[in-house]
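Everything below concerns the one structure shown next.
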Number of protein chains: 2
Amino acid sequence: MTPSPATGPTLPAVSDAELLRLDHQVCFSLHAASRAFGGVYRDALKDLGLTYPQYLAMLVLWEHGPQPVKAIGEQLRLDSGTLSPLLKRLETAGLVRRERSAADERSVTVRLTEAGEEMRERALPVPRKILAATGLSVEEVLGLQGLLGRLTSALDEAQGQSGASPEPVRG
Amino acid sequence: MTPSPATGPTLPAVSDAELLRLDHQVCFSLHAASRAFGGVYRDALKDLGLTYPQYLAMLVLWEHGPQPVKAIGEQLRLDSGTLSPLLKRLETAGLVRRERSAADERSVTVRLTEAGEEMRERALPVPRKILAATGLSVEEVLGLQGLLGRLTSALDEAQGQSGASPEPVRG
DNA sequence: CCCGATTAAGTTGCGCACAACTTAATCGTG
DNA sequence: CACGATTAAGTTGTGCGCAACTTAATCGGG
């Protein structure tokens, strides 16, 4: 209800100070939800000895089979700086093998081992545990997924059009 | 539509394999949304020289004034292992001071400096940038916030009741 | 009053995320 | 064919998140 100083480009009906308070709530909510999810996955994945991002990588391999690091990175939106050490750890654990492609020596194909394939069976009950932990119905989850998808697209779209300035706070 | 083997405790109408595929989508969606948000905040906060979690800590201090590390941690759900170095960086940057409480020598009170207080003015336009980047209305944001809040509560509730097993995959 | 339990903050170690960079292979155009 | 541009993967450095641990102060029961 409070009139705005009309600073922003999108919405006129909320003041900056109110938005700052709202932001406190919203960005924190997302941050907290993401970490709460992480905690539940940590529990659910203890049996498999996987971290959450490692599980994501295994999901991609279970679903789409052997593929280059690049392709995994595109599906998970992760770059080689994150994926290379992660995949190396999965290889050390005996779950995947990595081999240079013959056709293109720059590319490395990641492939599940026997143990990696077998782990899929043990991973089957994980999603149900997670779903139960959310307390949401499948329909609500699908709705959330849709909203998050639109959100991510919009955020990606909006990225990289601001002015640069000082360095982040370092110790 | 496919009938389920009726394994899980909550929902009967979806098979484990379908859930594994769904999980691929959902947990990835949340992960991706969280990181996309991080990217947009990174842009918006460049001017201030703050990271996203540093911004969260500043929001708490702007809104609620000087308080012990413990209290900040409760609001952000972060422990001292994360907060101590983060606050130390904010102190190095001249934004906060940390001083032992006289009443309880175990406690450390975190307090904004002049520079820290002044930064609030420069932070006012940030939330509007974020809101614009989401492409959502204030109402939708509030709805999302509510859903995420319920989700986080449920996830926290559900945490810590599973069986332990091997170590995570280490290199 | 004393001593074990609890509590606040900090430290260490590991994995993830990301920016910036390096290395090596492939592509494309003259 | 030659050579600069592009591309895939990996490396380095910084910060966050969390578990496990340490240190020091406070609390509480005998």
Side-chain angles (χ1 to χ4, degrees), chain A residues 31-32 34-43 45-46 49-57 67-74 76-93 98-110 159-160 164 167-171, chain B residues 31-32 34-43 45-46 49-57 67-74 76-93 98-110 159-160 164 167-171:
Chain A
H31 203 59
S34 175
R35 287 186 295 123
F37 245 102
V40 171
Y41 270 105
R42 211 185 325 282
D43 280 1
L45 294 173
K46 258 191 307 192
L50 293 177
T51 67
Y52 180 36
Q54 286 165 6
Y55 171 69
L56 291 178
Q67 54 196 298
V69 174
K70 183 79 193 311
I72 299 175
E74 278 164 2
L76 301 183
R77 291 166 181 280
L78 292 173
D79 64 8
S80 67
T82 300
L83 275 178
S84 287
L86 186 156
L87 293 170
K88 205 177 282 186
R89 282 186 283 271
L90 290 180
E91 185 171 48
T92 302
R98 295 180 306 149
E99 44 199 21
R100 288 273 159 196
S101 158
D104 186 342
E105 288 280 336
R106 294 171 301 179
S107 179
V108 167
T109 299
V110 182
Q159 207 162 341
E167 301 284 292
V169 170
R170 280 176 280 112
Chain B
H31 203 60
S34 175
R35 287 186 296 122
F37 246 102
V40 170
Y41 270 104
R42 211 185 325 279
D43 281 1
L45 294 173
K46 255 191 309 192
L50 293 176
T51 67
Y52 181 35
Q54 287 165 6
Y55 171 69
L56 291 178
Q67 54 196 297
V69 174
K70 182 81 193 310
I72 300 175
E74 279 164 2
L76 301 182
R77 289 166 183 281
L78 293 173
D79 63 8
S80 67
T82 300
L83 276 178
S84 286
L86 186 155
L87 293 171
K88 205 177 281 185
R89 281 186 283 269
L90 290 180
E91 185 170 48
T92 301
R98 295 179 306 148
E99 42 198 24
R100 288 275 159 195
S101 159
D104 185 342
E105 288 280 336
R106 292 170 303 179
S107 180
V108 167
T109 299
V110 182
Q159 205 161 339
E167 301 285 293
V169 170
R170 279 177 281 110

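All heavy atoms count here, side chains included; hydrogens, waters and symmetry mates do not. Sequence lines set the chain letters: A, B, ... in the order given, protein chains first and strands last, and positions in each chain run from 1. All values reported here derive from a predicted model rather than from experimental measurement.
Checked against side-chain hydrogen bond (donor to acceptor under 3.5 Å, both in side chains), Ser34(B) has the following partners two or more places apart in sequence or in another chain: Ser34(A). Remark: Ser84(B) engages no residue in a side-chain hydrogen bond (donor to acceptor under 3.5 Å, both in side chains) (not counting sequence neighbours). Every residue two or more places apart in sequence or in another chain was checked for a salt bridge (charged side-chain N to carboxylate O under 4.0 Å, His left out) with Arg100(A), and none qualifies. With sequence neighbours excluded, no residue forms a salt bridge (charged side-chain N to carboxylate O under 4.0 Å, His left out) with Lys88(A). By the salt bridge (charged side-chain N to carboxylate O under 4.0 Å, His left out) test, Glu105(A) is found to be paired with no residue, residues two or more places apart in sequence or in another chain being considered. Scored by the salt bridge (charged side-chain N to carboxylate O under 4.0 Å, His left out) test, Asp79(B) finds no partners at all (sequence neighbours excluded). Shown here are the ring-ring contact (aromatic ring centres under 6.0 Å, His included) partners of Tyr52(A), two or more places apart in sequence or in another chain: Tyr41(A), His31(B).
Side chain Ser80(A) to base dG10(D): a donor-acceptor pair is found below 3.5 Å.
Across all their heavy atoms, Arg98(B) and Leu87(B) have their closest contact at CD-CB, 4.0 Å.
As a whole-Å value, the separation of Asp79(A) CG from dT14(D) C1' is 14 Å. As rounded to whole Å, 16 Å separates atom P of dT14(D) from atom CG of Leu86(B). For the pair Leu45(B) CG and dG15(D) C1', the interatomic distance rounds to 14 Å; values are reported in whole Å. For Phe37(B) and dC18(C), the CZ to C1' distance is 19 Å, given to the nearest whole Å. Between Lys70(B) atom NZ and dT6(C) atom C1' the separation is 11 Å, expressed in whole Å.
Pro85(B) comes within 4.0 angstrom of no nucleic acid atom, judged by non-hydrogen atoms across all strands. Here Leu83(A) lies out of heavy-atom contact (under 4.0 Å) with every strand.
Side-chain proximity of Pro68(B) to the nucleotides dC18(D), dG10(D), dA9(C) is greatest for dA9(C). For Ser84(A), the listed nucleotide lying nearest its side chain is dT11(D); candidates were dG17(D), dA9(C), dT11(D). Each of dA9(C), dG15(C), dA17(C) was ranked by its minimum atom distance to the side chain of Thr82(A); first place goes to dA17(C). The nucleotide whose nearest atom lies closest to any side-chain atom of Arg35(B) is, among dG10(C), dA9(D), dC18(C), dC18(C). Taking every side-chain heavy atom of His31(B) into account, dA17(C) is the closest of dG17(D), dA17(C), dA19(D).
Taking 4.0 angstrom as the limit, Ser107(A) places a side-chain polar atom (N or O) nearer than this to OP1 or OP2 of dA9(D). Between Lys88(A) and dG15(C), a side-chain N or O to OP1/OP2 separation shorter than 4.0 Å is absent. Close to dG10(C), at under 4.0 Å from its OP1 or OP2, lies a side-chain N or O of Arg98(B).
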Exercise for review: Give the dot-bracket string for DNA chain D, reading 5' to 3', where a pair is Watson-Crick or G-U wobble with both distances under 3.5 Å, ( ) marks pairs inside the strand, [ ] marks pairs crossing earlier ones, | marks a partner on another strand, and . marks unpaired.
Suggested key: ||||||||||||||||||||||||||||||
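With Arg77(A) contributing its side chain and Ala36(B) its backbone, the two residues share no donor-acceptor pair below 3.5 Å.
One distance of note links CG of Leu86(B) with CD of Gln54(B); it measures 5.0 Å at 0.5 Å rounding.
Comparing Ala102(A) and Gly81(A) by the nucleotide of DNA chain C whose heavy atom lies nearest to each, the residue mapping closer to the 5' end is Gly81(A).
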Atom pairs, protein N/O to nucleotides 23-25 of chain D N/O, distance under 3.5 Å:
none

